[in-house]
Structure formats: C-alpha cells, structure tokens
There are 2 protein chains.
Amino acid sequence: MPKPPRSTSRARKPVPAPAPQEQAARHNTTRAAHAAEIAEDYAETIADLILRDGSARVTGLAACLGVSHVTVVRTLARLAREGLVVVRPYREVTLTPKGRAMAGRAKHRHEVVLKFLKALGISPAAAEADAEGIEHHVSAETLRAMERFVVA
Amino acid sequence: MPKPPRSTSRARKPVPAPAPQEQAARHNTTRAAHAAEIAEDYAETIADLILRDGSARVTGLAACLGVSHVTVVRTLARLAREGLVVVRPYREVTLTPKGRAMAGRAKHRHEVVLKFLKALGISPAAAEADAEGIEHHVSAETLRAMERFVVA
DNA sequence: CGCGACCGGTAGCATAGGCTACATTCCAGT
DNA sequence: ACTGGAATGTAGCCTATGCTACCGGTCGCG
C-alpha cells in the first residue's frame with residue numbers, strides 16, 4: 001500500500017488556497033530509479049568493453065565509469081545479485097542474457113538520444129554529455145518521437 | 001588532481017585491442033550530480049508551494065515530492081547548510097536568494113523541456129513524466145536549442 | 001620457473017536518501 | 001483556557017554510492 005498523500009488541509013496561518021496536490025507523486029521512484037540508471041550504465045559499458053577489448057575487466061570498467069575499482073567491485077556484486085552480470089574472482093565480467101538485453105536497450109536509447117541531440121544542432125561534445133544524462137529518463141513514447149525526428 | 005586513468009594495458013589473456021579509454025570520464029560527477037538534482041527539485045517545489053499556498057510546509061513538500069516528512073526534514077537540513085533554504089522549527093520553509101535563483105532556473109528549464117517535448121508530439125502525461133527526469137541533465141546549449149525549436 | 005607489478009578484493013569510513021516508530025509542538029475549536 | 005489531533009522533529013536502521021589503504025592473486029617476462 002503506497003499510502004494516500006493525506007488531506008493536506010487544516011491551514012494554520014495563511015494558506016489562501018489549500019488546493020489538493022494530486023499533481024504530486026511523479027517524483028517518487030527516485031532512489032530505485034537511480035540504482036537502475038547505474039545498472040544500465042554498467043551493462044552498456046560492459047558490452048562496449050567486450051566489443052572493444054574482447055573482455056570487460058574491473059579496471060577497465062573503473063576507468064570508463066570514472067570511479068574507483070572498489071566501487072566497481074561492489075556495484076558488480078549488486079548487479080550479480082540482481083542477475084545482470086556474472087562475476088568470477090580475478091576473471092573477466094560477463095553479462096547474463098538479462099544483462100545483455102538491458103545493455104542492448106541502453107545502447108539503442110543512447111544512440112537515438114545522441115543522434116537526436118546532434119540533429120537538433122547541439123555540438124558533438126555537449127550532445128555526448130547531455131545524452132549520458134538524458135538517456136535514462138526517456139520513455140518509450142519519447143524515444144519513438146526522437147527516432148521519427150532523426151529520420152525526418 | 002583527478003588522477004590519470006592509468007595506462008590500461010598489460011593484457012592478460014585476450015585483449016586484442018588495448019585502445020586507451022580517454023572517451024571515459026564523463027560519467028563521474030555522478031553522486032554530486034544526484035544531490036544537486038534533488039536540491040533543484042526541492043527549490044522548485046518550495047517555490048511552487050509558496051506561489052500556490054502562500055507558504056511551503058514540510059508536509060506539503062513531502063506530499064509533492066512523494067517521500068516521507070522525515071526525508072524532507074533531513075534534506076532541508078542539508079539544503080540549509082548549503083545556504084539554499086531557511087528553516088525554522090515548526091515554521092514555514094523559505095528560500096534564500098540563492099535558493100530562489102536555483103528555483104527560477106529550474107522552473108524555467110522545466111517549462112522549456114516540457115514545452116519542447118509537447119512540441120515534439122509527446123502526450124501530455126508522458127511529457128510531464130519525462131520532463132521531470134530530463135530537466136536536470138540539459139546543458140545551457142541544449143536548452144537554447146530547445147527554446148529555438150519551440151518558438152519555430 | 002620464480003617474482004614483481006599490476007589487477008582485483010577487503011576493511012573501514014563518509015555522505016545521501018529512504019523508512020518506521022516515537023516524541024514534541026502548535027493551534028483550532030470547543 | 002484546554003486539549004486533541006495534525007504537523008514537525010528525533011532516534012535509529014537500511015541500502016547505495018564514493019573513497020583510501022592495504023592485502024592477496026595472477027601471470028608475463030626475464
């Protein structure tokens with residue numbers, strides 16, 4: 001049970017217009033969403049490294065993601081728990097089918113967003129940077145619209 | 001000193017193409033960025049509530065942000081430390097000039113992104129949802145491009 | 001075929017956001 | 001005035017991401 005937002009009223013001092021705040025609750029999901037974004041970043045990066053180097057290693061991931069290898073190890077442990085990656089001590093990191101699917105979706109979204117931003121006239125550097133931030137927040141509907149726009 | 005990403009090579013088993021990973025390091029900023037996003041959400045929401053109700057209260061913020069009042073109280077303490085808000089126990093929350101500036105910027109970006117998505121043909125509901133996620137990741141350059149697009 | 005260097009793992013700490021349960025304050029309406 | 005219940009605040013716990021230091025493993029090369 002998500003717990004209904006409560007009635008809100010009972011104005012103490014001012015509050016001229018109580019007005020129910022049903023426009024709320026779009027923010028939640030916040031924390032879980034953040035963890036999911038990180039999962040996508042890892043999946044995408046692992047797939048890239050495998051393509052580029054033949055295998056993904058902790059150190060390479062750390063370099064690509066801009067964090068310490070310690071953070072990578074710990075986060076990989078979480079992703080392994082979630083069934084996205086396979087980790088064997090001192091060996092390469094691989095993706096499970098589920099992880100590969102996530103990586104594929106992430107890569108596709110990333111490319112679409114990037115092309116879209118460039119098509120909008122954004123400089124390559126800024127487009128790259130913004131795509132990184134934006135890609136995780138694009139719904140299926142918006143993604144389709146972006147694809148249409150790029151083609152057109 | 002950000003610490004140079006190390007040489008990366010010294011391939012153990014496979015690694016056909018070592019290839020330096022200078023394309024990395026765009027991911028960092030991650031954690032700090034997340035905290036900054038939340039600050040913007042709070043600033044924007046506080047400004048909205050003051051406009052709408054005449055004052056911003058903890059409970060109203062909690063409802064709007066979809067979190068418990070406890071989380072709001074603690075986050076407000078951080079924002080107060082950072083000089084964005086003024087909190088007096090059991091009283092309304094107000095914005096400092098710095099907080100008002102942040103709220104203004106956030107609101108503007110939010111509106112631009114929202115109009116932009118709608119102009120792209122996204123349904124209002126999806127546009128609202130995506131704007132929430134996207135707005136924090138739009139650079140000044142991309143924002144300008146979106147404004148141009150909306151006007152055109 | 002041993003060993004040093006680099007890679008990967010562990011310990012331990014910090015910050016941040018979330019929560020429930022419980023304590024406190026405040027004010028509207030008797 | 002009092003007081004009950006809503007609004008706030010506090011205590012204490014959890015997870016997740018970061019980090020630095022330090023320890024243990026592997027393997028390429030001499």
Side-chain angles (χ1 to χ4, degrees), chain A residues 1-15 18 21 27-42 49 53 55-63 65-82 85 87-93, chain B residues 1-15 18 25 27-42 49 53 55-82 87-93:
Chain A
M1 273 307 167
K3 161 182 57 171
R6 210 166 235 324
S7 64
T8 302
S9 318
R10 208 295 179 73
R12 237 74 103 71
K13 257 332 182 359
V15 187
Q21 42 232 106
H27 276 285
N28 15 14
T29 355
T30 320
R31 217 249 313 296
H34 190 221
E37 284 172 41
I38 296 212
E40 289 188 343
D41 280 342
Y42 273 72
L49 285 181
D53 297 346
S55 71
R57 318 282 321 218
V58 169
T59 301
L61 278 167
L65 295 164
V67 299
S68 74
H69 78 274
V70 183
T71 299
V72 172
V73 168
R74 190 143 32 77
T75 303
L76 284 177
R78 170 173 72 86
L79 301 184
R81 250 188 286 132
E82 295 172 359
V85 305
V87 187
R88 286 174 310 154
Y90 297 104
R91 291 274 126 64
E92 334 78 65
V93 179
Chain B
M1 275 306 164
K3 162 184 52 173
R6 212 172 234 318
S7 64
T8 302
S9 319
R10 210 298 181 73
R12 237 76 101 71
K13 255 339 178 356
V15 185
H27 275 286
N28 17 12
T29 351
T30 321
R31 218 247 318 293
H34 189 219
E37 285 172 41
I38 295 211
E40 290 188 342
D41 279 342
Y42 272 73
L49 285 181
D53 297 347
S55 71
R57 318 281 323 216
V58 170
T59 300
L61 279 166
C64 284
L65 294 164
V67 298
S68 75
H69 78 275
V70 183
T71 298
V72 171
V73 169
R74 187 142 36 77
T75 303
L76 285 177
R78 169 171 75 84
L79 302 184
R81 248 188 287 136
E82 295 171 2
V87 186
R88 287 174 310 156
Y90 297 104
R91 289 274 126 63
E92 334 76 67
V93 180

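Numbered from 1 within each chain, the chains take letters A, B, ... in sequence-line order.
Every residue two or more places apart in sequence or in another chain that forms a salt bridge (charged side-chain N to carboxylate O under 4.0 Å, His left out) with B/Arg88 is listed here: B/Glu92. Residues passing the side-chain hydrogen bond (donor to acceptor under 3.5 Å, both in side chains) test with A/Arg78, sequence neighbours excluded: A/Glu82.
Atom pair A/Ile38:CD1 and D/dG18:C1' shows a separation of 10 Å (rounding to whole Å applied). Atom pair B/Leu76:CG and D/dA7:C1' shows a separation of 14 Å (rounding to whole Å applied). Atom pair A/Leu61:CG and C/dG9:C1' shows a separation of 15 Å (rounding to whole Å applied). In this structure, A/Leu49 atom CG and C/dC7 atom C1' are separated by 15 Å, rounded to whole Å. Between B/Glu92 atom CD and C/dC27 atom C1' there is a gap of 14 Å when expressed in whole angstrom units. Put simply, CG on B/Leu65 is 11 Å from P on C/dC19, counting in whole angstrom units. The nearest whole Å value for the distance from the CG atom in B/Asp41 to the C1' atom in C/dA16 is 15 Å.
At C/dT15, none of the side-chain N or O atoms of B/Arg78 fall inside 4.0 Å of OP1 or OP2 (strictly under the cut-off). In terms of phosphate contacts, B/Thr71 brings no side-chain nitrogen or oxygen within less than 4.0 Å of OP1 or OP2 of C/dG17. In this model, the phosphate group of C/dG9 is not approached by any side-chain N or O of A/Arg88 to a distance below 4.0 Å at OP1 or OP2. Taking 4.0 angstrom as the limit, B/Ser68 places a side-chain polar atom (N or O) nearer than this to OP1 or OP2 of C/dC19. In terms of phosphate contacts, A/Thr59 brings a side-chain nitrogen or oxygen within less than 4.0 Å of OP1 or OP2 of C/dG8.
Taking every side-chain heavy atom of A/Val70 into account, D/dA21 is the closest of D/dA21, D/dT17, D/dT8.
Residue whose closest nucleotide on DNA chain D sits further toward the 5' end, between A/Arg74 and B/Ala56: B/Ala56.
Considering only heavy atoms from C-beta on, B/Leu76 comes within 4.5 Å of B/Leu61 through its side chain.
Here B/His69 packs flat against the base of D/dT8; its ring centre is closer than 5.5 angstrom to the base's six-membered ring, tilted by less than 30 degrees.
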